[in-house]
Amino acid sequence: MSSFKKRVPSAQATLPAGCRLSAYNGQVLISTGVPSLDDILGGGLPLGTILLIQEDRQTSYGQLLLKYFLRQGIVAGDKCLVVSGDESPEAIVRSLMGIAGEESLESQVQSGVDNRDDEDEARRERRKKAAAAGGAEDEDSEQDRLTIAWRYSGLKKFESGVGVRPPGKSFGAGAISSRVNKTGSTTEPALTPSQIPFCEQFDLTTRISAKALESADTTLVDSGELQKGVQTGDSDLEDDSDDDFSTSGSASAAGKNQPDLYRNVLDKIRETLIQGGFSTTLLKDPSAPAPAPGAAGLAERHICRIGINSIASPSWRSKTPHDLYKFLHALRGLLRFSFGAAVITIPAHLYGTIDQRHATDGSTTSPYIHRLEQLCDASVRIESFAGAQTNASSAASAYHGLFHVHKVPVLNALIPSSTKLSVLLDGAAKGSGGPGQSGSGGSSKGVNNLGFKVRRKRFAIETFHLPPEGGVGQRRTSAEPSSSSSSSLSERKKSSSTKSSNPGPATGSFKKADSSEEGSVQSRARSLGGSSFNKPSGQVDVHSVPGASGMARKMMGLPPKGIQGAVASGCSTGGSEAGHKHNHGGAGSGANSSLLDF
Amino acid sequence: MGYASLEPHLPSSHAPLLPPGTFLSISDTQASDGNFLLHHFISNYLKADHNVVLVGLAGILVHYTMVGRKLGVNLATARTKGNFQFVDGLTQLTDYAAPNKEYLAKPAEPKPSSTTTTTTTTAGARIARPAAAAAATPPAPPKVLSYGPKLVDLYRALEEIIQDTASKTTGPFQKQLVLILDDLSVLLNCGWPCRDVLALVRYLKLLVTKFNGTLITLVHADGLLAEEVSQDGLVKGVFYEADYIIDVRGLDSGGSRDVHGQLSLLHGPGYLLRQRAGQVKENEWPALTLHYKILDNNVEVFAKGYSSGVL
């Protein structure tokens, strides 16, 4: 009896604020401020690692992610070190977003206006769509029920994203209002470390409050200023750009007498880490006896978050192309032994032509950026539709862009923890759960296409799929009774006829079916050699009207996941429209992550 | 033991180990990391009670220790026994990182220089451990490769460590030694020219041969990087030196849940030379391509098309 003890969460208690342990390998994780990005990284960003974000062009979603990271650090009371050259770091910190629900205390929370989520927004939208569809359909449960593709209604609900809050930490409105009350009364946020949420929810329409800004522990490094200091010393404008083969001299001679920008930034980072006591090996005062690295001080430890904005942009001058490599290597060496993590954004599009290369394996870019990725622990790339040269945005208006994952952290294990834990990367966690998902082509290992959308209250990364082509209204008008059905379907006409405006309910109801369902029926009909097939209650004759197969192909935007294979085989003979080509390829290989080629 | 399903496909003359005096070059890509092969050899050599010198240019000791634990090897005890030497090539390798040295805790300073004495006294210290528990707890910190402008400095440091390790093995049976570099691309990225890195590899290859040893290196060989002259030169140059080559890359057809990638086992020029000279047994190492899948604490290697997802 005595040998069985209840496991008290002592390990949890000794963690620094805003941290948690990885469920896979016990790494200490911090949140990036974006739940779905945490999910991709395997629960959060492990301490001691570097996340490289390759920026989008013409938009600033990359910087937005960096801001989330810093803002979450301020919530948790972490040290934030901001390095920026193009934009002053102070401006970045000032423009951080506010916490959802906090600012709107007086006006809205008390008056009972619920603006917490955009779930209701989505529901409203759905309802509106339903109303536009002509049916006076109002009950939600009725709405969610599948009417035609009823075979699939027993399957698990397909989820394309992760929840706003990680499960287990559910903050209701009560928690928010209580926090609001506290912050109203006291100057300091009165949350104990265990109360600090791993990932807070932020509101992009508000700005960080002056109070929070005051209490934030930030160190700002303006690399532009550092640059000036560098330039006064030497005139490296006419510094010959060395070739790879002759850099042995510069690697050595770029020593003490020639300071350079990356070295200065690294010195600043090192200084911050040491002065703040974030490093476990490097000490402020080396001559003093080393303090015991016990777990006693762990609870009041804080994390140092290093955010570097637009590194290696043209304003970051460097002597040799190796400066940045060396910087990253040294930074990794520093961070591995520190309570810290870094998020670095880089305008990668300046270094390579993304558009002509991304087709092969989803990787970007120039060799230069690729070698940077080798030196970082995780790497993601953001590709926004607004900055895209192709007009893909019209096809996927629900998203703001694509999100590519190039590398996820592998620490202390053979496989990255996100293959085990991530929902978005379609790891084993969710993929094997439902029978519908496990049979979905077996494409895994981070080859899901991901897109992102920015709502007021969240930056959501979801699995990317195209909406049905044409939308609801267009499909209705062009739907012709091209195939007939008999008794087995007519018994379902009651539920479907509410939505159908066609005079013939039986034919109309079949036509109202999800186009991909029709495609699968046809493919089966084709595989049976055009013969009819029997159902228990009656007979369904599928006439392959010449126009119908083309119609089905046209209406098929991107079929639901479960029956993708059936659809692809059904219309593999066609493919006349260029717009559908990528669908078939994606179903076949399951690896092509680029949807922009069309 | 490392990965049981990989064993039959490795050179057979020395059972789970590589023949001494050879050089195995592993190349990988970003999407399919070849690190797991290094862990295979680390655990095999340690299990067989041979010497391992691991130069971690990209990872830290904790990482290898944790993975080693998953594979059933305790690197910490191997270190105190003197079988395993870890060389830290991360924290002070470049001139950027060199100032780290000044902030290191002073008491730790004398230890790295006198690793030989501390490890030789471990036998005595083990008896005295109950008395002096505090002194026994921290094993000596790993040796650090500190910045030198020339790669020759790194070579000297490694030479010293290897001689150190080899000198301690006094026993009836001759120990083998394996020197593992993880990974070579870091040296290139940190600004050393390609020909210097290749020279280092060649020197190290000769060095380990003297100590009945084997050299294993990892290098990144993404297709993208083939456009860079220096990177491409490194990969080709290393392959040219090698006896055995294992090329790790993803499947051409894309990712899969059941197959993480493919291993191409290839003969290097060194192997062919030895084969011509008749030093190699017939069918010692057939060159072929295999698929693999990485699990939590094992790696399954199987012939093409024989994955559990297919059968």
Side-chain angles (χ1 to χ4, degrees), chain A residues 25 244-248 250-252 254-255 262-263 266-267 270 274 279 281-284 286-287 289-290 320 322 325-327 329-330 332-334 336-337 357 360-361 363 365-367 370-371 373-375 406-407 410-415 428 431 442-447 589-592, chain B residues 30-31 33 35-36 39 58 60 62-63 65-67 70 90-97 99-100 102-108 149-150 185-186 188-196 220 222-231 250-251 253-258 260 294-297 299 309:
Chain A
N25 56 3
D244 281 332
F245 285 99
S246 58
T247 43
S248 67
S250 66
S252 61
Y262 289 104
R263 172 195 288 275
L266 189 76
D267 286 345
R270 182 186 299 119
I274 291 174
S279 175
T281 52
L282 310 181
L283 301 175
K284 213 184 304 182
S287 54
T320 66
H322 295 290
Y325 299 139
K326 282 195 288 183
F327 172 80
H329 188 258
R332 180 192 250 185
L334 264 179
R336 281 284 200 269
F337 295 101
R357 295 186 204 243
T360 50
D361 53 349
S363 73
T365 60
S366 64
H370 196 86
R371 285 171 74 177
E373 289 180 332
Q374 288 176 1
L375 294 165
H406 292 171
K407 194 174 177 184
V410 191
L411 279 181
N412 301 351
L414 285 172
I415 47 176
S443 69
S444 171
K445 220 188 161 199
V447 291
S589 70
N592 195 359
Chain B
Q30 187 183 73
D33 199 344
N35 238 309
F36 67 94
H39 294 295
I60 61 172
V62 177
H63 172 74
T65 311
M66 297 294 278
V67 179
K70 284 184 191 238
L90 186 64
T91 52
Q92 292 178 30
L93 184 68
T94 59
D95 52 335
Y96 280 21
N100 286 348
E102 296 159 22
Y103 297 98
L104 279 177
K106 279 282 187 286
K150 293 272 179 207
S185 301
V186 168
L188 200 64
N189 287 339
C190 287
W192 282 288
C194 173
R195 59 152 195 264
D196 286 9
H220 297 306
D222 295 72
L224 257 179
L225 296 176
E227 294 172 27
E228 273 207 351
V229 176
S230 63
Q231 181 76 34
L251 294 177
S253 51
S256 161
R257 181 173 292 147
D258 295 307
H260 286 170
I294 304 182
L295 307 173
D296 270 344
N297 48 13
V299 176

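Chain identifiers are assigned alphabetically (A, B, ...) following the order of the sequence lines, protein sequences preceding nucleic acid strands; residue numbering begins at 1 within each chain. Predicted model, so just to flag it, every value in this text is computed and none were measured.
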- Task: Output all residues satisfying side-chain hydrogen bond (donor to acceptor under 3.5 Å, both in side chains) with B/His220, sequence neighbours left out; order by chain, then residue number.
- Result: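 In terms of side-chain hydrogen bond (donor to acceptor under 3.5 Å, both in side chains), with neighbours along the sequence ignored, B/His220 is linked to B/Asp28, B/Asp183.
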
Nearest non-hydrogen partners of [X] and [Y], listed with the distance:
X: B/Ala58; Y: A/Arg332; result: O-NH1, 3.0 Å
X: A/Pro367; Y: B/Glu228; result: CB-CG, 3.6 Å
X: A/Asn412; Y: B/Lys70; result: O-CE, 3.8 Å
X: A/Arg270; Y: B/Pro99; result: NH1-CB, 3.5 Å

Rounded at 0.5 Å granularity, tell me how far [atom1] in [X] sits from [atom2] in [Y].
X: A/His370; Y: B/Gln30; atom1: NE2; atom2: CD; value: 4.5 Å
X: A/Leu414; Y: B/His260; atom1: CG; atom2: NE2; value: 11.0 Å
X: B/Ser230; Y: A/His322; atom1: OG; atom2: NE2; value: 6.5 Å
X: A/Thr281; Y: B/Tyr103; atom1: OG1; atom2: OH; value: 12.5 Å

Does the side chain of [X] reach to within under 4.5 Å of the side chain of [Y], using non-hydrogen atoms?
X: B/Leu104; Y: A/Leu282; answer: yes
X: A/Glu373; Y: B/Asp222; answer: no
X: A/Arg263; Y: B/Asp95; answer: yes
X: A/Arg336; Y: B/His63; answer: no
X: B/Leu188; Y: A/Tyr325; answer: no

- With distance as the sole criterion, is a donor-acceptor pair present between the side chains of B/Asn189 and A/His329 under 3.5 Å?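 Their side chains do not contain a donor-acceptor pair, so the 3.5 Å distance test is not met.
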
- Test side-chain contact (heavy atoms from CB on, under 4.5 Å) applied to B/Asp296 - qualifying residues, sequence neighbours left out: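 side-chain contact (heavy atoms from CB on, under 4.5 Å) check on B/Asp296 returns A/Tyr24, A/Ile415, A/Lys420.
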
- Between chain A and each of B/Gly223, B/Ala226, B/Ala97, B/Ser185, count heavy-atom pairs under 4.5 Å; write down the option with the most.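 Top count of heavy-atom pairs under 4.5 Å with chain A: B/Ala97.
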
- Message: Does any backbone or side-chain atom of B/Asn100 lie under 4.5 Å from a heavy atom of chain A? Answer side chain, backbone, both or neither.
- Response: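 B/Asn100 touches chain A through backbone and side-chain heavy atoms alike.
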
- Item | Contacting region of A/Phe337 [heavy-atom separation from chain B under 4.5 Å] |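 For A/Phe337, side-chain heavy atoms alone lie under 4.5 Å from chain B.
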
